[in-house]
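One structure below.
Note that the structure is a prediction, hence the values are computed from the model and not measured. In listed order, ligands and their atoms are each counted from 1.
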Amino acid sequence: MKRSSTKWVVCLFIMLIVVLSCNQKPKEQPQTTVENAQWWKEAIVYQIYPRSFKDSDGDGVGDLKGIIEKLDYIKSLGVTAVWLNPIYTSPNADNGYDVSDYRGIMEEFGTMADFDSLLAGMHQRDIKLVMDIVVNHSSDQHEWFKQSRSSRDNPYRNYYHWWPAEKGDPPYRYSLFDAKGDAWQYDTLTNAYYLHYFAKQQPDLNWSNPKVRQEVYDIMKFWADKGVDGFRLDAFQFAAKDTTYPKFPEGYEKDFIQYYAMQDGLHDYLKEMNEAVFSKYDVFSVAEGAGRNFDDAHKLVDKDRQELNMAYAFEGVDIPKYEGYDVATMKEVFTKWDQEFADDGWLSIFLANHDQARMVSRWGNDSDAFRSASTKLLNTFILSMRGTPYCYYGDELGMTNIDFDSISQYQDIAAINGYQKALSEGEDMGLFMEKLNFGSRDNGRTPMQWDGSTNAGFTSGTPWLPANPNFKTINVQVEDSDSNSVLNHFRGLTKLRKENPVLVYGSYELISPEHPTIYAYTRALGNEKWLVLLNFSNSDSSIKLDYIKPSDNVLINNYNVIDISQGEISLQPYQAVILKIQ
Ligand code: NOJ
């Protein structure tokens, strides 16, 4: 052949290959490639209530230096981010959720230099820091409020919501923490009432005022410029208010979220905040509360909305009541929320936080016989669900509720004012105290149990809240050296989650929804299929699934044994296992 015809043959050959390869099915993505992967979806968040974590100077209150002392411990847990409850200057009516200076550090917690060292220490260890932003309200000791209340024509007047007394009584608004349940507080100075959805020391900021919004964005930028990695927006779903104050139906306070959350303007504020702050930094954002319904929640967190990255819904965490709860409800609620956000949006997974009693006492069984197994089961749940897990300090040890019987032992403003309200309304106070004993937030705020020494090694002084007397057996030192401890099981779970994207991004499917005691679900990604089995009862229970084989790989187990036969698995009380299905 001549040279030119050889060229043609080569060209035709190449074209043929191109055409053939175009006709082939697109190559499958590698199995672990995940669309929309984000570090905050992969994060395992450890929540620290700084007041109760570690006191470094003996004043009985936890502090930033205390947290710094424990950074290696935090790293050893396998968590990748820390959410700190508020650490700003505060008169502490609500333990820091009443901020009087958003750029200052609470005196009891330390200094800005301590904060800088803490942040650097976290970053050195590859741990992200999430700050709590409390801007539905400020403290009544904030300079803005001092100015605002000083006269009706003060430039800060419009930073808050006022109702002039000459207009008569303000339309009833329920307050969550007020001793009378009244969200309007009369102020003699200007003969007007101000609005506070929480305690009267927490006046609500007026978000319809652009100056307020700008102040908040500047505060957030101040912290973002320091290098923090995320913001948790406290009570933000309540920030927008309908200031025509329509009359709400009798008894609305039982379902106040339907009336207070997501009022007009809220999404505009979030979009503006996103534009001003989130879009300018590598920070993530999470809202406390997910609105009134799925639609509200989607509007907060769906990707194209450009508002927030995630939210935490209360329906799950609110399930256990003093009267108990049913695993069927748990399955239904968590499955419903998972399915609703399977394709768009992202949520948090949590069973406890500083507003709840202890996880194992509410959701598990804190008796000596079952505390360890049931805490491990609950941790298995949190760390194997879709959504970003939030683990509350002390739950990695199985810390339990404390047994207070007199109101004088409580420190929480919600408990103390709630008691006053119940008393004035003639409630059955015996029952009230029993419910408080079970559900009070102080249960979840007792000092971290580090070792068996005085005050659980939390402080050399007098702790602001007593350590739970069970600290001699439930503490970091004891559990560290026990390979079967709740603590080491927790570490095993974080490792498993970090090494396996199936636990983060895999689909979730509820299995055997009708099973009375076992909560079973699969997580699947590409070729991986994992089965999670959680026996939520204090007796043996078994489940039949034809695909189960004795040779299935057991990835985590809170007992040393497992009873699997072809098509069936028997679980001991509170046994929790994750199997890799072949
Ligand atoms: C929600 C916080 O989690 C809670 O602790 C606080 O009391 C209220 N918001 C008021 O800020």
Side-chain angles (χ1 to χ4, degrees), residues 45 47-53 62 83-102 106 130-142 145 160 173-179 181 183 185 194-205 207 216 219 230-241 253 256-257 260-261 266 285-291 308 310-314 316-318 348 350-359 390-393 410-418 421 436 439-446 464-465:
V45 183
Q47 183 193 344
I48 293 181
Y49 199 64
R51 201 171 188 78
S52 305
F53 197 62
W83 153 29
L84 282 185
N85 290 101
I87 56 165
Y88 318 102
T89 314
S90 163
N92 280 312
D94 185 19
N95 290 352
Y97 281 96
D98 46 325
V99 180
S100 53
D101 176 2
Y102 291 95
M106 192 189 301
V130 180
M131 299 288 280
D132 213 319
I133 295 287
V134 189
V135 288
N136 168 69
H137 46 270
S138 72
S139 160
D140 62 349
Q141 299 307 307
H142 195 290
F145 189 74
Y160 296 86
R173 283 296 177 268
Y174 161 72
S175 159
L176 280 83
F177 291 173
D178 187 68
Q185 175 65 30
Y194 64 87
L195 188 70
H196 60 93
Y197 278 179
F198 294 93
K200 64 178 182 207
Q201 296 89 333
Q202 297 167 296
D204 282 27
L205 284 159
W207 271 77
V216 171
I219 289 163
F231 296 108
R232 175 242 186 212
L233 298 183
D234 180 71
F236 197 77
Q237 57 177 352
F238 303 143
K241 314 268 180 331
E253 58 273 14
F256 65 93
I257 292 202
Y260 284 8
L266 195 93
S285 52
V286 53
E288 184 199 26
L308 301 172
M310 75 176 99
Y312 46 98
F314 293 132
V317 77
D318 284 345
S348 319
F350 67 108
L351 295 178
N353 63 26
H354 65 291
D355 290 332
Q356 308 292 337
R358 276 286 161 192
M359 177 175 78
Y390 284 65
C391 311
Y392 188 51
Y393 87 94
Y410 289 89
Q411 295 277 342
D412 177 16
I413 192 166
I416 295 164
N417 287 356
K421 183 162 179 277
L436 200 60
S440 137
R441 308 196 294 181
D442 280 336
N443 279 309
R445 298 175 177 184
T446 58
W464 73 278
L465 202 61

Consider only side-chain N and O atoms of Y97 and N85, and report whether a donor and an acceptor are under 3.5 Å apart.
-> yes
May I ask you to decide whether R441 forms a salt bridge with D94, counting only side-chain N to carboxylate O separations under 4.0 Å?
-> yes
Would you check if there is a donor-acceptor pair between the side chains of Y260 and R173 at a distance under 3.5 Å?
-> no
Compute the centroid of each ring, for Y197 and then for F256, and state whether the two points are separated by less than 6.0 Å.
-> no
Would you please indicate if the ring centroids of H142 and Y102 are separated by under 6.0 Å?
-> yes
Could you give the N/O to N/O pairs under 3.5 Å linking ligand 1 and the protein, each with its distance?
| unit_1 | atom_1 | unit_2 | atom_2 | d |
| --- | --- | --- | --- | --- |
| ligand 1 | 3 (O) | R232 | NH2 | 3.1 |
| ligand 1 | 3 (O) | E288 | OE2 | 3.3 |
| ligand 1 | 3 (O) | H354 | NE2 | 2.7 |
| ligand 1 | 3 (O) | D355 | OD2 | 2.4 |
| ligand 1 | 5 (O) | H354 | NE2 | 2.9 |
| ligand 1 | 5 (O) | D355 | OD1 | 2.6 |
| ligand 1 | 5 (O) | R441 | NH1 | 3.2 |
| ligand 1 | 7 (O) | D94 | OD1 | 3.4 |
| ligand 1 | 7 (O) | D94 | OD2 | 2.5 |
| ligand 1 | 7 (O) | R441 | NH1 | 3.1 |
| ligand 1 | 9 (N) | D234 | OD1 | 2.9 |
| ligand 1 | 9 (N) | D234 | OD2 | 3.3 |
| ligand 1 | 11 (O) | H137 | NE2 | 2.9 |
| ligand 1 | 11 (O) | D234 | OD2 | 2.8 |

Under 4.0 Å between a Lys/Arg side-chain N and an Asp/Glu carboxylate O for D442 and R358?
-> no
